Amino acid sequence: MAKGKSKYICSNCGATFPRWYGKCPNCLSWNTLVEEKITNSKKGNFNIETEAIPKPITEIEENINLKRLSTGFRNLDEALSGGFITGQVTLLSGEPGIGKSTLLLQVASNIAKTGKKVIYISGEEATNQIYLRGKRLNALSGNLYILSETNLEVILNAIDKLTPEFLIVDSIQTIYSPRLESIAGSVSQVRETSGKLTEIAKQKSLPTVIVGQITKEGSIAGPKILEHLVDTVVYFEGERGQAYRVLKIIKNRFGATGEIAVFNMTSYGLKEVEEPSSLFLSEKPQNKAGSIIFPYTEGSKPILVEIQALVSKSFYSIPQRKTQGVDINKLSIITAILEKEAGLKLGDKDIFINIVGGIYIKEPAVDLPLALAIASSYFNKPIPSDIAVFGELGLAGETRSVYYTDLRIKECKKFNINKIIAPRFTDNNDKEVIKVSNIKEAINILFP
Ligand code: TYD
Ligand code: MG
């Protein structure tokens with residue numbers, strides 16, 4: 001390869017380098033650098049005559065043509081701050097089989113049934129397969145156009161001819177541009193095809209949803225650039241073997257983040273769950289140690305979830321630590337805090353954590369309930385079902401306040417959970433909110 005004709009992009013972190021490395025110098029992951037040929041690189045100085053004049057922000061006119069397009073699902077519209085907006089590009093990602101194609105076919109048909117032309121491009125399934133699914137989902141509509149195609153140029157042509165009002169591309173990893181030599185799904189192809197589709201969406205003011213597959217490691221295949229490029233990033237999550245699906249807005253240039261919508265996968269497609277809290281608590285065991293209620297929220301909609309911990313004697317030289325629904329590193333930190341600040345002897349114990357319902361919880365408010373669930377299993381003493389807990393823990397075992405206090409407390413009361421253990425500086429004067437300064441104090445209250 002002639003010098004200067006290629007650059008190398010890390011498919012993990014997106015950093016670029018002039019030469020290849022086995023280990024990415026930026027994020028230190030192995031075998032992630034892929035070659036990309038540099039084409040059309042113009043030589044010479046910048047052309048300073050090319051002009052663009054910045055405007056004072058007060059003189060910018062509001063674009064009154066921006067319209068919201070309802071998805072036909074009330075909770076999904078709410079999570080999207082009112083539905084899809086003109087020209088908005090959304091990335092929907094999730095593990096294979098979670099229900100991305102099912103959800104989008106339902107959304108596509110809901111929009112088509114309002115009289116708008118919708119085009120669903122699938123690079124994964126044949127038209128007949130999509131028809132059969134559409135029939136089962138009661139999603140057939142004369143305005144819903146299906147194209148089974150992977151060549152970007154053919155796709156762009158079809159969009160141009162059909163002039164749709166809503167576009168779905170399922171999935172970006174299957175689409176290729178014939179202008180590049182690399183195979184579909186490679187970093188350079190994903191960049192090129194998603195970049196082009198975004199450009200078209202903006203040009204034609206076409207709301208577009210692009211499906212992104214998730215790799216085994218849990219990141220969206222292709223560089224981070226895909227997330228940077230789009231306006232909105234949506235994750236679709238759920239537990240294998242369970243029917244609940246949680247849709248979460250991770251990024252949104254046109255609305256709030258942290259919003260969620262919960263669905264139930266039935267044999268006739270996805271149905272919205274109106275009261276996720278009662279669904280998630282419906283199977284909570286009574287009077288069992290290790291189970292606790294946590295009012296979770298990262299946006300405007302709180303959900304009561306059950307956290308389960310199982311602490312048992314280990315038969316291994318290195319005890320087992322496993323989590324589902326929270327980061328394993330969080331468990332390590334909480335375990336260390338419990339050892340040091342509350343005197344629990346966990347060094348020879350296996351610890352398993354499960355967030356029931358399939359939500360993956362990243363917010364720090366989960367720390368205190370997680371610690372108390374572990375303590376409950378350790379002491380083999382149940383926590384009463386009319387108690388809920390939230391709060392962050394510092395490394396010294398101190399509690400720290402979190403966001404959305406009032407929303408959490410309100411959701412607890414709605415389900416007759418009247419005692420709430422919260423961090424000391426929580427800004428709420430409700431008599432039934434028990435404020436604790438540290439983990440030790442919380443343990444003393446629950447397990448006297
Ligand atoms: P799918 O939408 O194909 O997942 P993805 O596009 O994320 O890979 O969903 C596949 C799963 O959903 C499959 O295991 C079958 C199940 N399913 C139902 O349970 N009910 C239905 O009505 C449909 C269409 C699928
Ligand atoms: Mg699919």
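From a predicted model like this one, the values you see are computed outputs, not experimental measurements. Counting starts at 1 for both ligands and their atoms, following the listed order.
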**Student:** If you compare all heavy atoms of Asp77 against all heavy atoms of Leu69, which two are closest, and at what distance to 0.1 Å?
**Tutor:**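 Where Asp77 meets Leu69 most closely, the heavy atoms are OD1-O, 4.5 Å.
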**Student:** Do Lys100 and Asp170 have side chains that get closer than 4.5 Å, going by heavy atoms?
**Tutor:**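 Counting from C-beta outward, Lys100 and Asp170 never come under 4.5 Å.
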**Student:** To the closest 0.5 Å, what do you measure between CD (Gln189) and CD (Glu181)?
**Tutor:**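 Nearest 0.5 Å value for the CD-CD distance: 10.5 Å.
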**Student:** Indicate the ring-plane relationship of Phe73 and Phe263, choosing parallel, tilted or perpendicular according to the 30° and 60° boundaries.
**Tutor:**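 The rings of Phe73 and Phe263 stand perpendicular, inter-plane angle above 60°.
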**Student:** Between Arg408 and Ile420, is any pair of side-chain heavy atoms under 4.5 Å apart?
**Tutor:**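 Not touching, per the 4.5 Å side-chain cut-off.
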**Student:** Tell me whether Ser177 contacts the main-chain N or O of Leu152 through its side chain, where contact means a donor paired with an acceptor under 3.5 Å.
**Tutor:**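 Side chain of Ser177 to backbone of Leu152: no pair is present.
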**Student:** Nearest 0.5 Å, what's the CZ-CD distance between Phe236 and Glu95?
**Tutor:**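 Interatomic distance, Phe236 CZ to Glu95 CD, rounded to 0.5 Å: 12.5 Å.
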**Student:** If the criterion is any heavy atom closer than 4.0 Å to an atom of ligand 1, which residues make the list?
**Tutor:**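 Answer by chain and number: Glu95, Pro96, Gly97, Ile98, Gly99, Lys100, Ser101, Thr102, Arg133, Arg136, Leu137, Met265, Thr266, Ser267, Tyr268, Gly269.
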**Student:** Which pairs with one or both residues in residues 364-382 pass salt bridge (Lys or Arg N to Asp or Glu O under 4.0 Å), sequence neighbours excluded?
**Tutor:**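 Non-adjacent pairs meeting salt bridge (Lys or Arg N to Asp or Glu O under 4.0 Å): Lys330-Asp367.
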**Student:** Mind jotting down which residue pairs meet the side-chain hydrogen bond (donor to acceptor under 3.5 Å, both in side chains) criterion with at least one end in residues 128-150? Sequence neighbours excluded, please.
**Tutor:**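 Passing the test, one end in residues 128-150: Glu125-Arg133.
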**Student:** State the count of protein N/O/S atoms located less than 2.8 Å away from the Mg ion (ligand 2).
**Tutor:**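 With waters ignored, the protein N/O/S count below 2.8 Å is 1.
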